[in-house]
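Before I ask anything, let me first share the structure, which is written out below as structure tokens.
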Amino acid sequence: MEGLAPGIRFYPTEEELVSFYLHHKLEGERDDLNRLMDRVIPVLDIYEYSPWQLPQYAGEFSHGDPEQWFFFIKRQENEARGGRPRRLTTAGYWKATGSPGYVYSSNNRCIGVKRTMVFYTGRAPLGRKTEWKMNEYKTIEGEAFSSTGANPTLRHEFSLCRVYKKSKRLRSFDRRPIGAEIGRRSAHQKIQSDEGAKARIHQNPEMVERRSSPASSSSGDHGCCFNQTGEGSSMQMAASPGDDPLWDLDQLHHWFNCLEDM
């Protein structure tokens, strides 16, 4: 990310991960563009490392990202022979949680399967759960598939994994100091708010106890901050996958060349 303008980050949607990056990796049509893809999402056996070691091996555009990292994983030999993948590391193991989910395109076509895993330190069944998580994506073979029908046929040559650390705080592009928005209110707005509060308390004295409780005060401040954050443009951009068609590999190649010339 060095040399790029502040704020530029690699933040693909699930549709883009499956239908563009994983699709082209599986097809492997051109060596030059495969090398280019590896600069964005490298091939790595993530089970040889502890999750906290993985960020240093991430691609060029997510190497400095503090929140998520992407990797291609080759199918393991025992998995190719019909066995289950081995997800042990020297420090612990990855354990699947919940049921697999489906990934849909913008036109509601089922294009992939997602499985979520959590990292545990130690060895089962005495492992300790950590905040490290992973989404494993595999693409569906063929064009048509109904999520209400039979199990889909998956392509296993490569899977794509998004590694991230679960956090109880807002993501970096959502963070604002608590109370910052409140401090922007004008004196006139504050006076109106105080007068309205006095009128409500006069009508209902029981509100004094509820308003002074730490729980209601805390939830009110955080709720205000969350609502204002949720209305920000960055949240809207991240939540909507968009209706524009995905880039082809030549466009990605041209984009890389432009960045290198900056």
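Along the sequence shown, residues are numbered consecutively beginning with 1.
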Next item on the list: State which residues pass ring-ring contact (aromatic ring centres under 6.0 Å, His included) with Phe72; sequence neighbours excluded, sorted by chain then number.
Entry: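 Listed in chain order: nothing, the list is empty.
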Note to self: Can you tell me how far apart NZ (Lys114) and SG (Cys161) are? Round to the nearest 0.5 Å.
What the structure shows: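 Spacing of NZ (Lys114) from SG (Cys161) equals 12.5 Å.
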Next item on the list: Please identify each residue that fulfils side-chain hydrogen bond (donor to acceptor under 3.5 Å, both in side chains) with Thr97, with sequence neighbours left out.
Entry: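 By the side-chain hydrogen bond (donor to acceptor under 3.5 Å, both in side chains) rule, Thr97 matches no residue at all.
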Notebook entry, point to check: Given the rule in the side chain to side chain contact (heavy atoms under 4.5 Å, CB included) test, do Glu67 and Lys165 qualify, once you have shown the distances and angles that lead to the verdict?
Noted result: CA-CA 7 Å; Glu67 296 169 346; Lys165 190 174 182 180; over 6 Å; no
Note to self: Would the distance check show the side chain of Glu16 and the main-chain N or O of Tyr21 forming a donor-acceptor pair, the cut-off being under 3.5 Å?
What the structure shows: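 No; zero donor-acceptor contacts below 3.5 Å.
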Next item on the list: Could you list the residues that satisfy side-chain hydrogen bond (donor to acceptor under 3.5 Å, both in side chains) with Gln68, not counting sequence neighbours?
Entry: Arg162
Next item on the list: Check Ile111, Leu160, Val113 against Val18 for a side-chain contact (heavy atoms from CB on, under 4.5 Å) and give me the one that passes.
Entry: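 Only match with Val18 under side-chain contact (heavy atoms from CB on, under 4.5 Å): Ile111.
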Notebook entry, point to check: Does a donor on one side chain sit under 3.5 Å from an acceptor on the other, for Glu14 and Tyr137?
Noted result: yes
Next item on the list: For Asn107, enumerate each residue passing the side-chain contact (heavy atoms from CB on, under 4.5 Å) test, keeping only those at least two apart in sequence or located in another chain.
Entry: Ser105, Arg109
Check: Side-chain contact, heavy-atom cut-off 4.5 Å: Leu26 with Thr139?
Finding: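 A side-chain contact exists here, since the closest heavy-atom pair is under 4.5 Å.
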Next item on the list: Report the residues that fulfil side-chain hydrogen bond (donor to acceptor under 3.5 Å, both in side chains) with Arg155, sequence neighbours left out, ordered by chain and then residue number.
Entry: Glu27, Glu157
Next item on the list: Please identify each residue that fulfils side-chain contact (heavy atoms from CB on, under 4.5 Å) with Arg84, with sequence neighbours left out.
Entry: none
Note to self: Using only atom types and a distance under 3.5 Å, with no angle test, would you say the side chain of Ser62 pairs donor to acceptor with the backbone of Asp65?
What the structure shows: no
Check: Does any N or O in the side chain of Ser19 come within less than 3.5 Å of the main-chain N or O of Glu15, such that one atom is a donor and the other an acceptor?
Finding: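 Checked: pair present.
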Margin query: Check whether Ser50 reaches the backbone of Gln53 with its side chain - one donor and one acceptor, N or O, closer than 3.5 Å.
Written below: no
Margin query: I'd like to check the ring-ring contact (aromatic ring centres under 6.0 Å, His included) partners of Tyr120; sequence neighbours left out, ordered by chain and number.
Written below: Tyr93
Check: Quick one: salt bridge (charged side-chain N to carboxylate O under 4.0 Å, His left out) partners of Glu131, sequence neighbours excluded?
Finding: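 Glu131 satisfies salt bridge (charged side-chain N to carboxylate O under 4.0 Å, His left out) with no other residue.
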Next item on the list: Decide side chain to side chain contact (heavy atoms under 4.5 Å, CB included) for Val43 and Lys74; before the verdict, give the C-alpha distance in whole Å, the side-chain angles of both, and the deciding distance to 0.1 Å.
Entry: CA-CA 7 Å; Val43 178; Lys74 288 184 179 180; 4.1 Å; yes
Next item on the list: List for me each residue that meets salt bridge (charged side-chain N to carboxylate O under 4.0 Å, His left out) alongside Arg87, sequence neighbours excluded, and say none if there are none.
Entry: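 For Arg87 the salt bridge (charged side-chain N to carboxylate O under 4.0 Å, His left out) partners, ignoring immediate neighbours, are Glu136.
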Notebook entry, point to check: Does Lys25 have any salt bridge (charged side-chain N to carboxylate O under 4.0 Å, His left out) partners at least two apart in sequence or in another chain, and if so, which?
Noted result: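 Here the qualifying residues are Asp38.
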Item checked: Shared-cluster residues of Leu54, by chain and number - hydrophobic side chains joined below 4.5 Å ->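 In the cluster with Leu54 are Leu44, Ile46, Tyr47, Tyr49, Trp52, Tyr57, Trp69, Phe71, Ile73, Trp94, Met117, Phe119, Trp132, Met134, Val163.
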Check: Would Cys110 and Ile140 satisfy side chain to side chain contact (heavy atoms under 4.5 Å, CB included), going step by step from the backbone distance to the final call?
Finding: CA-CA 8 Å; Cys110 190; Ile140 293 175; 3.6 Å; yes
Notebook entry, point to check: Would you say Met37 and Phe10 are hydrophobically clustered, going by side-chain heavy atoms of ILVMFWY under 4.5 Å?
Noted result: yes
Checklist line | Non-neighbouring partners of Glu48 that pass side-chain contact (heavy atoms from CB on, under 4.5 Å), sequence neighbours left out | finding: Asp45
Next item on the list: Determine the minimum heavy-atom distance between Ala58 and His63, stating which atoms define it.
Entry: O-ND1, 3.8 Å
Item checked: Side-chain heavy atoms of Asn135 within contact of Arg115, under 4.5 Å ->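 When only atoms from C-beta onward are counted, Arg115 and Asn135 do not touch, as no gap falls below 4.5 Å.
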Margin query: Give me the atom names and distance for the closest heavy-atom approach of Leu22 to Phe158.
Written below: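 That closest heavy-atom pairing would be CD1-O, 3.7 Å.
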